[in-house]
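Here's the structure we're looking at; comments come further down.
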Amino acid sequence: MISIQNISKKYGAQQVLNKVNLEFSGGQSIALIGPNGSGKTTLIKSILGLVIADQGQINVQNQDISHSPDYRKLIGYMPQLSRFPEQMKVGQLFSLIKKIRLDISQNEYDLSLYNDFGIAKMERKSLGALSGGMKQQVSAALAFLFRPKIIILDEPTAGLDPISNSILKQKVNEARAQNCLLITTSHILNDLEEMCNHVVYLMDGKIVLNEEMTFIAETTGEANLNKMVIKFLQTGKIAKCKI
């Protein structure tokens, strides 16, 4: 579904991505993790076409993304920080986004998160007046609205209350069961344990871990994702992973 081939990116003298190679397919829910400055955001933005790599190629559904922006119709994206027009009403935002996608009919919308988060009750509120958690709810509902086959979530649970957190996790797992590809970044690793079945760990722009979560758990004897990764890095078992 997504093939990343030899992607590299520099900002000035800083090498942010260094010959990254990855293959993602439907039914995978990827935990994309690593320390700050490891290249996670640049990798996501490269997939979205918001950053142009210095070298390498990214294919989505066997199509080189540099040839046409049409592949973006397959992707639902929830950014870490949603910069909505502050004076726009919530209802107006959803109406606008729906009008942009004229190829999707009204009966094809996925309104499950819209309904489960109770967004209809805040339709008349200005986006600038929403709390951080409410903005996260709006952003998540928009990411799934057009039933995308690829969903990219950047720190999706930050600011969510426990009930909304649980609703979103359930939605992610439902999408994975429907053979969607999900890529999630988060510093809250406990949340990723409940949403993801595959781990990609970036460090200094390189992949140092790319493996199924079950394999990592069996190899390390740990059930906690944070402990799994630490043990892999400390024991040198990283060399056994597919890099």
Side-chain angles (χ1 to χ4, degrees), residues 26-33 40-41 44 75-86 88-98 104 106-199 213-214 217 222-229:
Q28 284 188 306
S29 184
I30 310 295
L32 180 60
I33 59 177
K40 302 186 299 296
T41 298
I44 286 175
I75 299 177
Y77 175 49
M78 179 180 177
Q80 182 176 359
L81 294 174
S82 299
R83 306 185 188 281
F84 299 125
E86 292 194 357
M88 181 177 284
K89 307 293 185 184
V90 172
Q92 292 173 329
L93 174 65
F94 276 86
S95 295
L96 174 64
I97 298 300
K98 289 175 181 178
I104 301 292
Q106 186 170 348
N107 59 2
E108 293 179 290
Y109 298 143
D110 183 345
L111 297 174
S112 58
L113 287 182
Y114 182 92
N115 294 326
D116 291 343
F117 288 150
I119 292 177
K121 296 179 182 178
M122 59 175 100
E123 277 193 337
R124 296 186 178 182
K125 290 187 177 182
S126 297
L127 289 156
L130 299 184
S131 67
M134 294 166 80
K135 288 179 180 178
Q136 288 289 86
Q137 292 174 337
V138 168
S139 186
L142 288 172
F144 285 88
L145 184 62
F146 300 113
R147 302 185 185 276
K149 297 301 294 181
I150 301 168
I151 301 107
I152 299 176
L153 309 171
D154 194 355
E155 299 286 348
T157 60
L160 289 182
D161 62 83
I163 294 176
S164 297
N165 189 316
S166 178
I167 289 170
L168 181 56
K169 289 175 184 176
Q170 181 178 343
K171 184 62 180 176
V172 167
N173 289 325
E174 288 174 358
R176 183 179 74 187
Q178 294 166 0
N179 207 40
C180 294
L181 166 63
L182 299 107
I183 303 172
T184 306
T185 72
S186 179
H187 288 93
I188 309 173
L189 299 192
N190 289 342
D191 285 341
L192 295 177
E193 291 173 15
E194 299 179 45
M195 295 191 291
C196 300
N197 61 1
H198 195 101
V199 178
M213 196 176 295
T214 53
E222 299 287 352
N224 175 276
L225 179 56
N226 191 54
K227 291 181 179 179
M228 289 182 209
V229 172

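All figures in this text were calculated on a predicted structure; none of them were measured in a lab.
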Find the distance between [atom1] ([X]) and [atom2] ([Y]) and round it off to the nearest 0.5 Å.
X      : Y      : atom1 : atom2 : answer
His187 : Thr157 : NE2   : OG1   : 11.5 Å
His198 : Met213 : NE2   : CE    : 9.5 Å
Asp110 : Ile104 : CG    : CD1   : 11.5 Å

Closer than 3.5 angstrom, by distance alone: can the side chain of [X] be matched with the main-chain N or O of [Y] as a donor-acceptor pair?
X      : Y      : result
Asn173 : Glu194 : yes
Ser126 : Gly128 : no
Gln136 : Glu155 : yes
Arg176 : Leu181 : no
Asn197 : Gln28  : no

Taking side chain as C-beta onward, heavy atoms only, is [X] less than 4.5 Å from [Y]?
X      : Y      : value
Leu145 : Phe94  : yes
Glu193 : Asn224 : yes
Asp191 : Leu168 : no
Leu127 : Val90  : yes

Not counting sequence neighbours, which residues clear side chain to side chain donor-acceptor pair (under 3.5 Å) with [X]? List them please.
X      : result
Tyr114 : Glu123
Thr185 : Asp154
Ser139 : Ser82

Check: Can you list the residues that meet the salt bridge (Lys or Arg N to Asp or Glu O under 4.0 Å) rule with Glu108, with sequence neighbours excluded?
Finding: none

Which atom of [X] lies closest to which atom of [Y], heavy atoms considered:
X      : Y      : result
Phe144 : Ala175 : CE2-CB, 4.1 Å
Cys180 : Ile151 : CB-CD1, 3.9 Å
Ala141 : Ile119 : CB-CD1, 3.5 Å
Leu96  : Met88  : CD2-CE, 4.0 Å
Leu93  : Leu142 : CD2-CD1, 3.8 Å
Phe84  : Lys135 : CE1-O, 4.1 Å

Next item on the list: Look at atom NZ of Lys169 and say whether more than 12 heavy atoms of other residues, nucleotides or ligands are closer to it than 6.0 Å.
Entry: yes

Checklist line | For Gln137, side chain to side chain contact (heavy atoms under 4.5 Å, CB included) partners two or more places apart | finding: Phe117, Met122, Met134, Leu160, Asp161, Ser164

Notebook entry, point to check: Which residues satisfy the side chain to side chain contact (heavy atoms under 4.5 Å, CB included) test with Glu174, sequence neighbours excluded?
Noted result: Gln170, Lys171

